[in-house]
Amino acid sequence: MKKLKIAVLPGDGIGPEIIEQGLKITMAICKKFDYELSYEYGIVGACAIDAVGEPYPKKTHDLCMDSDAVLFGAIGDPKYDNNPSAKVRPEQGLLKMRKDLGLYANIRPVTTFQSLIHKSPLRADLVDGADFMCIRELTGGMYFGRPQGRSEDGNTAYDTCVYTREEVERILHLAYKYAAKRNKKVTIVDKANVLATSRLWRQIGQEIAPQYPDIETEFMFVDNAAMRIIQWPKSFDVLVTENLFGDILTDEASVITGSLGMLPSASIGIHTSVFEPIHGSYPQAAGKNIANPLATILSAALMFEYAFGMMNEGALIREAVAASMEAGIVTEDIANNGKAYSTTEVGEWIVNYIVNK
Ligand code: IPM
Ligand code: MN
């Protein structure tokens with residue numbers, strides 16, 4: 001019997017509630033396909049600061065390193081957001097986790113759901129059928145470049161953006177690998193008209209592109225890309241970019257489909273990979289059993305596909321999610337004038353679908 005070992009990190013806010021559903025679905029799939037699942041919980045984020053004084057404790061890191069995949073909820077707590085002088089912050093835990101696990105590529109598929117298109121801030125004809133994948137470099141660039149800090153008098157601050165050839169090559173090859181399985185187009189987003197790091201990205205992109213003659217390569221400045229995402233989202237297939245640009249563009253890309261509560265993500269790592277919904281910890285809804293668990297459940301689908309190469313298992317989860325939406329078994333954020341169901345009811349319905357399929 002195949003054994004799967006996962007680390008479960010619920011995190012803060014609605015994290016524990018949505019993760020519980022993601023885990024239930026993971027268990028149902030393992031039972032159905034006859035895999036032996038073992039899982040263990042770890043703490044991360046504000047709850048870890050409260051418990052042990054640091055947001056990504058070594059114990060959690062060891063657990064992740066020792067697991068085949070990590071299912072992650074969300075981190076963040078309002079008590080830190082408006083306190084720029086807090087010494088330890090939940091976000092530091094996330095950055096440390098990315099660096100220590102070598103999570104170099106954050107993948108966010110942007111897909112439309114027919115029943116949610118009316119929620120898009122864009123005209124329906126612009127988003128209907130949009131389907132692309134953002135790949136954000138996650139362990140380099142300005143987020144991690146040193147030096148970073150303040151001058152002695154405190155009146156000057158600086159960040160440093162650093163990229164090495166190895167980092168850029170690794171992520172561009174990954175982008176081409178995914179594009180080969182999709183619609184065979186890669187858009188490399190940079191700011192090569194201003195930044196040295198971007199010129200390195202573009203140079204390496206020009207070197208690598210001819211190695212993939214079946215795939216169209218497009219270079220685009222980030223300001224132009226920000227515009228194109230809202231003007232013509234259907235023109236993208238795989239969009240790849242550096243860390244900070246990717247942070248900004250993926251938030252933009254995630255809302256155009258009107259389904260923020262539906263979008264999963266995968267962070268591909270050297271040591272292990274992490275699967276999490278892209279929405280945040282939504283503290284206002286915490287503990288109310290109203291949060292939409294579908295992005296987490298779809299993250300579990302990505303986990304089966306990306307971490308374990310189990311495509312049928314991922315497909316069954318997706319089918320179950322689509323069925324729950326068709327049946328109107330959804331939380332209040334996406335209920336179309338119909339009855340809204342609780343987080344746990346949606347999770348249970350999907351488990352039943354999988355069990356009875
Ligand atoms: C994200 C988040 C993080 C980031 C924050 C919480 C540090 O915005 O995952 O996109 O900026 O990377
Ligand atoms: Mn972000």
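Counting convention: from 1, in listed order, for ligands and their atoms alike.
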- Message: Parallel, tilted or perpendicular, judged at 30° and 60°: which one describes the rings of Y35 and F33?
- Response: parallel
- Can you see which heavy atom on Y176 is nearest to which on I208, and at what distance? CE1-CG2, 3.7 Å
- Query: Looking only at heavy atoms, what is the nearest atom pair of G269 and S273, with distance?
  - Reply: N-OG, 3.2 Å
- So which heavy atom in the protein is nearest atom 9 (O) of ligand 1, and how far is it from that ligand atom? R98 NH2, 2.7 Å
- Query: Got the closest protein heavy atom to atom 4 (C) of ligand 1, with its distance?
  - Reply: Y143 OH, 3.4 Å
- Query: Among N106, D247, I248, which one has a heavy atom closest to atom 8 (O) of ligand 1?
  - Reply: D247
- Message: Under 6.0 Å between ring centres: does that hold for Y163 and F144?
- Response: no
- Query: Quick one: do the S299 and E276 side chains pair a donor with an acceptor below 3.5 Å?
  - Reply: no
- Please confirm whether E91 comes within less than 3.5 Å of ligand 1 when only nitrogen or oxygen atoms on both sides are compared. no
- Item | Minimum-distance N/O/S atom that D247 presents toward the Mn ion (ligand 2) | OD1
- Specify side chain, backbone, both or neither for R136, according to which of its non-hydrogen atoms lie closer than 4.0 Å to ligand 1. side chain
